Structures are given as C-alpha cells and as structure tokens.
Amino acid sequence: MYALVDGNNFYVSCERVFRPSLVGRPVVVLSNNDGCAIARSNEAKALGIKMGAPWFQIKHLEDEAGLVALSANFALYGDLSDRMMSIAAGLGHRQEIYSIDESFVDLTGIRGDLTERSRKVRERILQWIGIPTCIGLGSTKTLAKLANHVAKTAERNPGVYPDHFAQICHLGRLNKVELDEVLAATPVGEIWGVGRRISEQLGEGGIRTALDLTRIDLATVKRRFSVVLERTVRELQGTPCMDLEDEPPAKQQIACTRSFGHPVLQLVDLQEAITEFACRAAEKLRRQDSHTAQVLVFIRTSPFRAKEPQYSKSAVFPLLTPTSDSREITEAALAVLDAIYQPGFSYAKAGVMLLDLQPAERHQFMLDLSPPIEEQGGAGHSDVEVQTVDRTRLMTALDQVNGRYGRGTMLLASAGLRGPDRAWTMKQERMTQQYTTCWSDLGLVRA
DNA sequence: TCTGGGGTCCTAGGACCC
DNA sequence: TCTGGGGTCCTAGGACCC
C-alpha cells in the first residue's frame, strides 16, 4: 500500500502561513518575472483562473474581485517543504519525495487503521507547519495518486465523489463496485501519466473515464500508444509497476535558464547572463558530485512578439576533459554564445544546460603525446593531479563563501558587477519576505 | 507592454557495423 | 528483373510530470 501526501495549493498555502489575512481570499502566486499564475487558492480557481494564466490577462481581477498576486518566493516554499516532508515521512518506513509538495510513502508493514493514521499525520502537518494537505492511499502509486485527487476534489467540489473521501481517501478499503464508481466518476485526463494529448486520442476512441481505461486491452494500448501508458493501465488495475525511489538518482542533466525582465540586445548583457547561469548550473553540478562533458547554450527572442523578427539558436560545446569547474564551464558557455549570437534581435530568454554528466570520481585525462620530461627529482604528484586538487579546493571555497554570505558574494568577473541594475534582471514586484531562511526577514509581532 | 523553470522517459529514423 | 539479416548507437522530437 502506498500513500501520497500532497500540500493543497502549496505555494499559496505557504504564503498564508505568514499572512493569515490571505485566508479566504482569492490568491495567486506568479512565476518568475511575475509572468503567469503557477499556484491558485480555491477562491482564485473559483474565479475561473486557469493554471499558467498570464498575469496581464487576469490583472483586472485585482480591482474587480480582490485578487491578490504574489511573486514566487522559492526560498520560503523550499524550507516549508522540507519541514512538511519530515513529518510526512513518519507515515511509513520509506518515503519518496516526488516534488516540492508531494511525497509517496510506502506503508508496507504498517499495521492498524491506515485511514486514522493518515488523518493524524495530516493534522500534525497542519498544526506544526500550517500547511493543509490531502492524503490518498492505494495499492499502486498510480492508485495513490488517484486517491489523492479524489480526496482533494471531495473537499472542494462536494457531489463528485462521496463526501467522506474529503482530505483522506483510502481506495484499498473499497470493494469492486465502490472502486468502479470512483473510476467511472474520474475523467481519464486526471489519471497520472495521461496528459492532454493522450486524453484527446483516448476520447476519440470512446475512452473517457478512468474505468474505461482499466478495461482497455493491454496489447492494444502498447501498440497504439506506448509501454508507458500500458504501465499506467496495469497500475490502475492494481498491479504495481513502479517502485518507490527513496534515494533520488543523480540528475542526468542540469539546467539554468531564465526569461529576462526586459528585452536584451547587447552581447555584453547576454555574456553576463550566461556567466551567471553557467555558474549556477556548475554549483548544482558540484552539489551532486558530478562532472559535465557537454555545455549547451541557447538564446531566443520572444515567440509572443510575433511582429518582431524571431531568432532561436542553441549549440553544444564538448569538453575534452569533463569538469565541474565554474571557470571552464563558463569559458565554454561564452564561446558558444559568441558563435550563436546575432546582433539586431531583442532577446527574451537564454539558458545554460549541462549534459553528459558523470560521477566526479571517474577521471578522464588527456592523452599526453608530448615528449617525456627529463627527470626532475623527487616523486610527488604529477602536474595533472596537483591541478585537479587545487581546482577542487578553489571551487569548494567558492561554494562555501557563497553559502555563508549569500549568493553572488564571490563571482566570476564576467558576471558583471552591476547587481540588480543589470539589463536582464527579473521582475519581482510582489515579493514576500524569506520568513524562515533569512534573519533580516523574520516576522514582527506587534503587541 | 506584459506569457516560468526544470526535469524524465520513449520512439523513430539514420548511420554504421559485420 | 533480381539486391539479406541482424545488430548497436546516437539524435531529435514528442509526450509526460510538477
């Protein structure tokens, strides 16, 4: 049996912890650059605001309906997520943190009333952290996901599913007839792994509900769609096909990409941006103890400004010796930028991606074809080894300084020294405080 | 005027091998 | 006129997730 613990409207709930006046009001959290809505309170959903709706299209609801919009405060959400996850972990023996607001918990070997146990964990998260959650239980991860959907829907839209499923839904306790009723009430597009495209195609074939999907022929699914969808159908039928991943595998690629706050035309501005993205990506790379062998850079204009000339280009720089050194990665990235930059365009977005990642302990040295150096006396380390050690220590020091005194305390000169005055700096006009991770942002209590 | 960021997996097709 | 069989590896693109 698996449980899925999921924070309700997570980013909005995080903001409400420190600003209780937002409870009961329509609230959205906006993406970087205050671009579009990436989290909505129930009241905002009731206003008809869709996931991903551009802010400028819903801004009028500020005056008309009292809508509150906030800039994304990821430092706050990440910290509250950690706290929520540590309590959710107590539900069972093993936990997979699936996203910032969701975790699967393996309930194998847990005895007693699982619904009651889940309810207690839910209450503890609500009381200790302040985040409301829903918990779904099922015999496979896909069914636990479905159960979670049922729990959330029953809480928000009475009538779709039986009321007692609100907040906690244990599908494992249902008999066949009851389970079929739940499946029949669930549109196929709500199933984990069935997106918009596949949902449309299934609909054309008359498959509209989750129940229809469980009754489809497995061989046909595999042939007409893929092994991925076949696995989803099996899981829906109660056969586990996906394991819990309690130890997250190392990432296979690492990216840092941003849309700019203003259009960027000058190469020098792009160079600063690419330097920063490359250094951030390199930092993430070192955190997981990997090296990269390929650096990809892309730049592009805005596809939304259709009247302006469009340009989009990316290219890869292969590194002869895999590395996690910010200087080498930045040098490669800037070389790519030079090669793909075209003057005369208004650039809207750029990014750096590190590909072909490998464990740092695997060393690939250059084949040295130069003539052997005459005996210099003393054994000691070879030049290559000394360089590697120095470089590692330098990068460790860099990460430690920035970790302790804040991002950007020590940086490469090509990142520029203009700080927030840079042409491309993100727009974040509605930012809340970093209440839990920054001393100067602590909340004030007025007596 | 204003439209996010960061990932994963699978498949088809081409290049290449013997 | 007639042109095999069985592989691997890589890449681009599509689908999905939050």
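No experiment lies behind these values; they were computed from the predicted model shown. In the text below, chain A, chain B and the rest are named by the order of the sequence lines, each starting its count at 1.
Using the six-membered ring where Trp is involved, A:Tyr341 and A:Tyr347 have ring planes that are tilted, between 30° and 60° apart.
Contact annotation for A:Leu355: no contact, since no heavy-atom pair falls under 4.0 Å across all strands. Residue-level contact check: A:Ile198 touches the backbone only, with heavy atoms under 4.0 Å from sugar-phosphate atoms and none from bases. A:Asp101 comes within 4.0 angstrom of sugar-phosphate atoms only, judged by non-hydrogen atoms across all strands, and of no base. A:Lys251 comes within 4.0 angstrom of the backbone, heavy atoms only, and of no base. No contact: A:Ile100 has no heavy atom under 4.0 Å from any strand.
Between A:Arg305 and B:dT1 there is no side-chain N or O to OP1 or OP2 distance below 4.0 Å. Under 4.0 angstrom from either OP1 or OP2 of B:dG5 there lies at least one side-chain N or O belonging to A:Ser259. Using a 4.0 Å cut-off, no side-chain N or O of A:Lys349 falls inside it from OP1 or OP2 of B:dG6.
Of the candidates A:Leu146, A:Asp212, A:Ile191, A:Leu183 forms a side-chain contact (heavy atoms from CB on, under 4.5 Å) with just one, namely A:Leu146.
An angle of 10°, rounded to 10°, separates the two end axes of the helix from B:dG5-C:dC18 to B:dC18-C:dG5, each defined over five pairs.
When all heavy atoms of A:Ala72 and A:Val29 are compared, the closest pair comes out as CA-CG1, 3.7 Å. The two atoms that bring A:Leu137 and A:Ser118 nearest to each other are CD1-OG, 3.5 Å, heavy atoms only.
Between A:Trp192 and A:Tyr2, a ring centre-to-centre spacing not shorter than 6.0 Å is recorded.
The number of heavy-atom neighbours closer than 6.0 Å to NZ of A:Lys222, taken from other residues, nucleotides and ligands shown, is 12 or below. Residue-environment remark: CD (A:Gln433) exceeds the threshold of 12 foreign heavy atoms within 6.0 Å.
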Give me the distances for all protein-to-nucleotides 9-15 of chain B N/O pairs that come in under 3.5 Å?
from  : atom 1 : to       : atom 2 : distance (Å)
B:dC9 : OP2    : A:Gln252 : NE2    : 3.0

